[in-house]
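This report concerns only the one structure given below.
Small disclaimer: the values here were computed from a predicted structure and weren't measured. In the text below, chain A, chain B and the rest are named by the order of the sequence lines, each starting its count at 1.
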There are 2 protein chains.
Amino acid sequence: MNITVLGTGIVGQIIAAKLAGLGHAVTIGTRDVEKTLAKNTKDGMGNPPFSEWYNQNKNKSKIKLAAYADAAPSAELLFNCTSGQASVDAIKALGNTSKGKILIDVANPLDFSKGFPPSLSVVNTDSLGEVIQRTFPDIKVVKTLNTMTCFIMVNPAIVPGDHDVFVSGNDEGAKTKAKEILQSFGWTNSNIIDLGDITTARGTEQLLPIWVRLMKSMNTPMFNFKIVKA
Amino acid sequence: MNITVLGTGIVGQIIAAKLAGLGHAVTIGTRDVEKTLAKNTKDGMGNPPFSEWYNQNKNKSKIKLAAYADAAPSAELLFNCTSGQASVDAIKALGNTSKGKILIDVANPLDFSKGFPPSLSVVNTDSLGEVIQRTFPDIKVVKTLNTMTCFIMVNPAIVPGDHDVFVSGNDEGAKTKAKEILQSFGWTNSNIIDLGDITTARGTEQLLPIWVRLMKSMNTPMFNFKIVKA
């Protein structure tokens with residue numbers, strides 16, 4: 001499949017590499033290709049600059065890099081891996097090329113303006129997933145994978161045994177397609193929990209406040225939530 | 001121990017009965033004893049009126065009922081089982097009898113004013129646990145047990161295998177005491193996750209938005225969260 005990944009951060013890199021490894025034709029979208037490639041500083045988490053990763057991966061995985069306006073014309077599926085604060089602008093920059101497409105939204109509206117732990121910039125009676133769906137009614141938004149580190153998103157076997165991934169969205173066909181992608185990442189059907197329409201993204205985005213605190217108290221992002229039933 | 005449980009709803013009943021069963025001397029606090037006993041309608045979840053439960057339990061368990069002002073003078077520990085919206089007023093009504101005491105806060109700031117699913121009336125950069133701690137600086141607040149149905153709070157074995165309970169609070173001694181109570185309820189030490197100070201209650205209270213949606217999609221409240229580590 002032709003898949004466009006929005007965002008050049010660690011989440012976009014990990015998702016793009018996984019999709020390419022599965023045989024998809026992947027284009028990464030960014031605001032400014034030259035600026036993205038010229039950046040030579042590590043990110044806030046200490047990950048190397050995008051260009052370093054890209055130089056190692058572009059030939060091996062045939063991953064393309066393009067400005068948003070040129071990234072998605074032939075895409076059959078979009079992955080939003082931008083930061084939550086940048087998501088709406090990034091999708092806007094796709095212009096008409098996003099119309100009618102499925103967007104898998106893994107972003108969270110984290111607000112680091114007051115430091116760590118972040119609060120949420122959209123919360124309680126709204127969610128980033130809903131904001132995106134409302135702003136782009138022609139896109140089919142499926143919120144998923146946003147409740148774990150990107151390393152587990154594409155390789156659930158890192159965490160032993162059963163643990164879960166949540167799905168929220170208004171379009172059943174889009175959710176079916178998203179679940180197929182999840183299964184190709186290694187998620188078993190019994191660990192994919194469909195919460196309902198896109199308003200249920202309020203539930204998964206509000207897992208982040210405990211996620212960031214668990215990461216701090218456990219000193220690792222390598223964990224996931226499991227819903228255990230009686 | 002002398003323990004006062006604030007709140008006569010199903011959570012207060014289940015906690016009071018468990019504590020009494022463990023040999024504690026339990027007093028349930030309420031706004032107006034006569035009114036509480038005169039109520040003859042089921043609650044929003046279809047549970048029988050308090051008086052029906054109380055008549056079956058008061059002799060068997062020697063549970064007392066008292067107005068807030070008279071409920072806590074000899075208490076060594078307080079349990080907040082009121083609804084989140086009523087918690088501050090209930091604790092205020094204890095007057096000076098709350099001073100210096102540990103309060104185990106299991107309430108959530110659920111706002112049902114727009115129907116189901118509820119939103120949160122305190123959220124994101126604050127939490128009910130913090131509101132209570134701030135309003136009553138002489139009380140040692142420990143937030144715990146608020147992320148599951150009351151039936152699992154007092155009987156974790158209902159849910160098979162490992163699953164977790166979270167603890168938040170500023171006072172280490174109070175948290176140690178709360179953890180002892182949790183262990184007496186059946187929680188093993190490895191399933192008690194201490195998140196840190198009372199601000200971490202933001203994390204556990206914001207689990208409610210997904211909890212209420214999971215309850216709806218799974219059609220049962222009989223489940224709990226487990227943090228699975230890599």
Does any backbone or side-chain atom of A:D111 lie under 4.5 Å from a heavy atom of chain B? Answer side chain, backbone, both or neither. neither

Can you name the residues of residues 193-202 of chain B that have some heavy atom under 4.5 Å away from a heavy atom in chain A? B:I193, B:D194, B:L195, B:T199, B:T200, B:R202

Name, in order of residue number, those residues of residues 163-185 of chain B that have a heavy atom at a distance of less than 4.5 Å from a heavy atom in chain A; otherwise write 'none'. B:H163, B:F166

Within residues 207-219 of chain B, residues adjacent to chain A where the heavy-atom gap is under 4.5 Å: B:L207, B:P209, B:I210, B:R213, B:L214, B:S217, B:M218

Partner chain B: residue of A:D162, A:T204, A:T220, A:L120 with the largest heavy-atom pair count (under 4.5 Å): A:L120

Is there a side chain to side chain contact (heavy atoms under 4.5 Å, CB included) between A:F225 and B:I227 once you walk through the steps? CA-CA 5 Å; A:F225 298 99; B:I227 307 305; 3.6 Å; yes

Would you give the length of the straight line joining atom CD of B:Q206 to atom CD of A:Q206, rounded to the nearest 0.5 angstrom? 4.5 Å

Work out which heavy atom in B:P160 is nearest to a heavy atom in A:A230; give both atom names and the distance. CD-CA, 3.8 Å

Select, from B:N124, B:V123, B:N224, the one with the greatest count of heavy-atom pairs under 4.5 Å involving chain A. B:N124

Using a 4.5 Å heavy-atom cutoff, which residues in residues 128-159 of chain B come close to chain A? B:I158, B:V159

